Protein chains: 2
Amino acid sequence: MAFTARSQETRATILAAARRRFAADGYERATVRAIAADAGIDPSMVIRYYGSKEGLFAAAVDVDLRLPDPAGLPADRVGEVFARHFLGLWEDGESGEVLRVLLRTAVTNEGAAERMRTIFATQVARALGPSVEDGPTRAALVASQMLGVALCRYVLALPPLVALDVETLVADLAPTVQRYIGAPLA
Amino acid sequence: MAFTARSQETRATILAAARRRFAADGYERATVRAIAADAGIDPSMVIRYYGSKEGLFAAAVDVDLRLPDPAGLPADRVGEVFARHFLGLWEDGESGEVLRVLLRTAVTNEGAAERMRTIFATQVARALGPSVEDGPTRAALVASQMLGVALCRYVLALPPLVALDVETLVADLAPTVQRYIGAPLA
DNA sequence: CTGTGATGCCAACGGGCGTTGGCCATCACT
DNA sequence: AGTGATGGCCAACGCCCGTTGGCATCACAG
């Protein structure tokens, strides 16, 4: 049950392979056997280290959006900064992989959906600040736009969205986010 | 190989059960056996009538967005009309179910992703009209927002979005869609 | 009334899955 | 040098999957 340097290394190898497979195939189609093969070890080791496929998944999905604090920003720039930050997360190798895992899985797995719900509800709503009126609604609208782009660009790979470079996309999305954060709602 | 009235009836029963299961569980977790059980017939009949699980899926997913022609609308109302139309599709029992199937599956299945890509690329882009500058990009931006809401409201069930009634949501989304359709892009 | 084809069920197949238990190698520590 | 724990693999289990072939049954055309 103890952990040596050697075991920690293969644990990490397994986790990296799991993230890649989960991100690429989704929870159901990613098999323990394939993950183990990618990691170059035996499937039984995966179970030994993580207890079960679900345990492995839980370990593979651990995400912190690290949203910036809007208090320190010019009020009319918050939308732009948020849009850029979200896209940056998805563009980044490691956190992008985790987010892909989460999105792919949340769509067919209630547990992952619940995790996604709390992540966006708490982290985004908190970032907007507790003082804001209609905070949860605004956070959800922001989430709908940012998850929508993520879905279309990184999962469905809609060509026109894939073709845009990040800064152009930021410029197109920023006003939307800005409006959801600040403008009066219906 | 011929078709009688009786067989057409069970074919339809199977298809309805398949749509329900696919919509609820996604492609991988919806089993032919479960669909057959829901339809009250033998799993082998499903294969007999639709050839394979994939064939059944293809038959279950046949969607026409029926997008309105913006030519006959006041230019400053197009965003609102589109937003309402999309939400209406998702709120509708039958087409909503089909769209849920498509979204749930497209996230982990390349074939369904391709279908979704063509649907949104062609149908939305065509609705915007061929004359519009940056048509595909605008269509993709609209898709990103509308699929994002669909994801958050109908699949992930983010509470603040579920709580909003349709017309409020339309009012919140309309300016976004309007801007993606008409305003100058970055 | 008879026979022929479609309709449906049953049982089974081969294969892949997650998971388990047992066995060998290795390495740290006395 | 000996010994025990730990790392790793192998083989197998039980389960559920999609799919197939064969047999009963029913409807209806002659």
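What you are looking at is a predicted structure, and each value in this text was computed from that prediction instead of being measured. Labels below follow one simple rule: chain letters A, B, ... track the order of the sequence lines, proteins then strands, and each chain is numbered from 1.
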Nearest 0.5 angstrom please: [X] [atom1] to [Y] [atom2], how far?
X	Y	atom1	atom2	value
A:Tyr180	A:Leu173	OH	CG	10.0 Å
B:Ser144	A:Met146	OG	CE	9.0 Å
B:Asp38	B:Arg19	CG	CZ	14.5 Å

Practice task
Report which part of the nucleic acid B:Tyr49 touches: base, sugar-phosphate, or nothing (heavy-atom distance under 4.0 Å, all strands).
Solution key: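 It contacts sugar-phosphate atoms only.
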Exercise for the section: Identify whether the distance between the nearest side-chain nitrogen and carboxylate oxygen of B:Glu91 and B:Arg153 falls below 4.0 Å. Expected result: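 So B:Glu91 pairs with B:Arg153 through a salt bridge.
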Report the distance from atom [atom1] of [X] to atom [atom2] of [N], rounded to the nearest whole Å.
X	N	atom1	atom2	value
A:Ile14	C:dT19	CD1	P	13 Å
A:Gln8	D:dG8	CD	P	12 Å
A:Met45	C:dG21	CE	P	15 Å

Exercise for the section: Go through the steps to decide whether A:Gln145 and A:Leu141 satisfy the test side chain to side chain contact (heavy atoms under 4.5 Å, CB included), and finish with yes or no. Expected result: CA-CA 6 Å; A:Gln145 175 61 93; A:Leu141 285 169; over 6 Å; no
Practice task
Using a cut-off of strictly less than 4.0 Å, decide whether A:Thr10 has a side-chain nitrogen or oxygen near OP1 or OP2 of D:dG7.
Solution key: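 No, A:Thr10 has no side-chain N/O under 4.0 Å of OP1/OP2 on D:dG7.
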Handout entry: By side-chain hydrogen bond (donor to acceptor under 3.5 Å, both in side chains) - contacts of A:Arg20 (at least two apart)
Key =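 Here no residue qualifies.
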Completion exercise
The contact string for nucleotides 11-24 of chain D, one letter per nucleotide 5' to 3', using protein heavy atoms under 4.0 Å with B, S and - for base, sugar-phosphate only and none, comes out as -B----BBSBBB--
